[in-house]
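Each remark here refers to the structure printed beneath this line.
So that the names make sense, note that chain A is the first sequence line, chain B the second, and so on, each numbered from 1. Since the model is a prediction, treat every value here as computed from it, not as a measurement.
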Amino acid sequence: LAKTTQPISMDSYEGQEVNITCSHNNIATNDYITWYQQFPSQGPRFIIQGYKTKVTNEVASLFIPADRKSSTLSLPRVSLSDTAVYYCLVGDEVSGGYQKVTFGTGTKLQVIP
Amino acid sequence: EPEVTQTPSHQVTQMGQEVILRCVPISNHLYFYWYRQILGQKVEFLVSFYNNEISEKSEIFDDQFSVERPDGSNFTLKIRSTKLEDSAMYFCASSVLSSYNEQFFGPGTRLTVL
């Protein structure tokens, strides 16, 4: 599995756009990039997944450059309720099976009023 | 909206006792997982389950652990002889397709071993 590196923590003011970058230098050709969000005492929640270029949904955008060695989760106009830990995961389906999912340490986002 | 449910929400047990943690995955999902999260630490994969057998397991998932899908709706994690270090939040998850498809997590069971 490609190892991921993210900042341990970030602070942002309410209403600002937040960009969290994840580095995955050893990403393999078939690997997808997935982001999860976790609030305290809750299970992780899927946010977004992409393979290349840009993916956008109602919650976030995911930017993936051509070399795919990094990715950036973008949260538009954050609110206090976006305070959470954000995990970047990289991996793929292996023919005949699949890899175990590995969560890194994540990025703890603190939104400040 | 369908969701993964887990019971109990909190389990307290004595060291050496057996515990069974229960999960009801989303009904049309085919893949099931258990994770644990020790307080303040990252989410750790334990095991994945598909077609009534274990597909992958981590180093944590030793002989003290077992999983079962006894009746087509429940998915259980058994810890045979609990240790103090098993104290953690245990999350069940399920997905329609394999592990890198979107996984839906339950609310967790907090296990406290005394």
* To do: To the nearest 0.5 Å, tell me how far A/Ile47 CD1 sits from B/Glu102 CD.
  => 10.5 Å
* Structure fact -> Here the gap from A/Phe46 atom CZ to B/Phe105 atom CZ, rounded to the nearest 0.5 Å, amounts to 11.5 Å
* Treat each ILVMFWY residue as a node, draw an edge where side-chain heavy atoms are under 4.5 Å apart, and state whether B/Phe49 and B/Ile79 are in one component. => yes
* Asked: If you draw a 6.0 Å radius around CG in B/Leu39, do more than 12 non-hydrogen atoms from other residues or ligands fall strictly inside?
  -> no
* Pairwise distance CZ(A/Arg45) to CD(B/Gln103) - rounded to 0.5 angstrom -> 15.0 Å
* Is it the case that one hydrophobic cluster holds both B/Tyr33 and B/Val24, taking links as side-chain heavy atoms less than 4.5 Å apart, direct or via other members? -> no
* Hey, quick one: are B/Val4 and B/Val43 part of the same hydrophobic cluster, counting side-chain heavy atoms closer than 4.5 Å, chains of contacts allowed? -> no
* So which residues of residues 104-113 of chain A are in contact with chain B at a heavy-atom cut-off of under 4.5 Å? -> A/Gly104, A/Thr105
* Pick one: which of A/Phe103, A/Tyr87, A/Tyr36 meets ring-ring contact (aromatic ring centres under 6.0 Å, His included) with B/Tyr35? -> A/Phe103
* Asked: Is the count of non-hydrogen atoms from other residues, nucleotides or ligands lying under 6.0 Å from A/Lys52 atom NZ greater than 12?
  -> no
* Asked: Which atom names give the shortest non-hydrogen contact between A/Ser41 and B/Arg110, and what distance separates them?
  -> OG-NH2, 4.1 Å
* Give a yes or no on whether B/Ile20 and B/Trp34 share a hydrophobic cluster (residues Ile, Leu, Val, Met, Phe, Trp, Tyr; joining criterion: side-chain heavy atoms under 4.5 Å apart). => no
* To do: Report, as yes or no, whether the 6.0 Å neighbourhood of atom CD1 on A/Ile8 holds more than 12 heavy atoms from other residues, nucleotides or ligands.
  => no
* B/Glu44 versus chain A, heavy atoms under 4.5 Å apart: side chain, backbone, both or neither? -> neither
* Under the ring pair (Phe, Tyr, Trp, His ring centres under 6.0 Å) rule, what pairs show up with a residue in residues 50-84 of chain A, not counting sequence neighbours? -> A/Tyr32-A/Tyr51
* To do: Identify whether B/Leu84 and B/Val19 are in the same connected component of the hydrophobic contact network (ILVMFWY, side-chain heavy atoms under 4.5 Å).
  => yes
